[in-house]
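What follows is a single structure, written as structure tokens, with notes after it.
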Amino acid sequence: MAVLRTLGMIKPDAVAAGSTGAILAMIEAAGLRVVALRMTRLARAEAEAFYAVHSQRGFYGELCEFMSSGPIVAMVLEGPDAIVAWRTLMGPTDSTKAGPDTVRGRYGTSVSLNAVHGSDAPETAAIEIPFFFPVRELS
Ligand code: UDP
Ligand code: MG
């Protein structure tokens with residue numbers, strides 16, 4: 001399995017709920033290495049740019065409103081097959097269908113307010129990682 005990197009985010013719902021530490025503990029317990037980490041906040045236009053791929057979807061406006069509603073924690077995670085490993089730990093998009101051992105199962109509340117983000121493919125990670133982190137922070 002190739003060692004890969006992926007972009008993870010703890011979304012405003014989970015940061016506001018005080019779940020940041022517990023989610024980071026799940027990530028480290030799963031063997032993913034935190035390469036870079038920052039709490040920040042997305043302006044509405046930045047959320048729109050990050051989720052541009054969904055701009056034609058009915059939930060886009062609500063999604064961008066949510067993602068710019070409060071602080072988020074962005075991170076780069078590394079490990080064997082990290083993109084799939086992190087998405088497996090996250091659980092499915094709909095938190096109500098997510099298992100109890102997944103981040104969304106524990107800390108998400110709906111299909112919209114689902115606690116975390118993860119890149120869905122190597123090409124996506126290659127765009128999403130530099131969205132938040134300059135090369136010099138990735139060591
Ligand atoms: N989303 C939503 N309603 C939907 C589908 C998605 O509000 O019916 C939101 C949700 O926050 C999700 C994000 O839009 O995480 C991006 O959707 P995507 O299909 O990429 O899901 P993900 O990759 O985050 O599992
Ligand atoms: Mg996605």
Side-chain angles (χ1 to χ4, degrees):
M1 253 184 308
V3 174
L4 299 177
R5 289 179 171 184
T6 189
L7 189 280
M9 263 196 283
I10 303 175
K11 295 185 177 185
D13 57 336
V15 173
S19 303
T20 299
I23 292 171
L24 289 172
M26 287 179 76
I27 288 168
E28 293 191 324
L32 286 159
R33 182 172 84 89
V34 180
V35 173
L37 180 76
R38 185 180 324 109
M39 180 174 284
T40 183
R41 195 174 169 133
L42 292 173
R44 171 72 189 229
E46 291 171 330
E48 289 171 356
F50 187 86
Y51 282 108
V53 66
H54 292 310
S55 63
Q56 299 310 308
R57 307 288 293 276
F59 58 79
Y60 182 63
E62 182 195 356
L63 171 62
C64 296
E65 191 66 32
F66 163 51
M67 289 303 298
S68 57
S69 68
I72 59 106
V73 174
M75 67 191 98
V76 176
L77 306 176
E78 180 184 79
D81 214 5
I83 294 170
V84 170
W86 172 226
R87 287 197 64 98
T88 301
L89 183 62
M90 286 166 53
T93 306
D94 186 347
S95 304
T96 66
K97 299 192 168 88
D101 293 335
T102 68
V103 177
R104 284 169 166 170
R106 287 188 196 171
Y107 301 108
T109 46
S110 69
V111 69
S112 309
L113 309 181
N114 57 7
V116 283
H117 167 85
S119 305
D120 62 7
E123 312 80 65
T124 320
I127 294 168
E128 293 182 350
I129 290 171
F131 186 95
F132 286 102
F133 297 100
V135 172
R136 65 173 176 78
E137 291 185 13
L138 303 173
S139 55

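Order of appearance sets the numbers: ligands from 1, and atoms from 1 within every ligand. All values reported here derive from a predicted model rather than from experimental measurement. We're numbering straight along the sequence, starting at 1.
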If only atom types and distance count, is the side chain of D13 paired as donor or acceptor with the main-chain N or O of A115 below 3.5 Å?
-> yes
Taking all non-hydrogen atoms of both residues into account, name the closest pair between A125 and T6 and its distance.
-> CB-CA, 4.2 Å
Shortest non-hydrogen contact from L138 to R5?
-> CB-NH1, 3.7 Å
For atom 21 (O) of ligand 1, the protein heavy atom that lies nearest, with its residue and separation = T93 OG1, 3.3 Å
For N114, the ligand 1 atoms with a heavy-atom partner under 4.0 Å come out as 10 (C), 11 (O), 12 (C), 15 (O)
Side chain proximity check, C64 to R44, heavy atoms < 4.5 angstrom = yes
If you compare Y51, F50, F59 by their heavy atoms, the one closest to atom 4 (C) of ligand 1 turns out to be F59
Give the cluster check for F131 versus L37: same hydrophobic cluster or not, with ILVMFWY residues linked at side-chain heavy-atom distances below 4.5 Å.
-> no
Side chain of S110, backbone of L113: donor and acceptor closer than 3.5 Å?
-> yes
Heavy-atom distance to atom 18 (P) of ligand 1: which of H54, M9, M90, H117 wins?
-> H54
Report yes if some N/O of E62 lies less than 3.5 Å from some N/O of ligand 1; otherwise report no.
-> no
Taking atom 10 (C) of ligand 1 as the point of reference, which of L113, V53, V111 owns the nearest heavy atom?
-> V111
So for R104 against ligand 1, with non-hydrogen atoms under 4.0 Å, the contacting part is side chain
Under-4.0 Å heavy-atom contact with ligand 1, by part of L63 that carries it = side chain
Looking only at protein heavy atoms, identify the closest one to atom 7 (O) of ligand 1 and say how far it is in Å.
-> S112 OG, 3.0 Å
Connected via hydrophobic side-chain network under 4.5 Å: L32 and V103 = yes
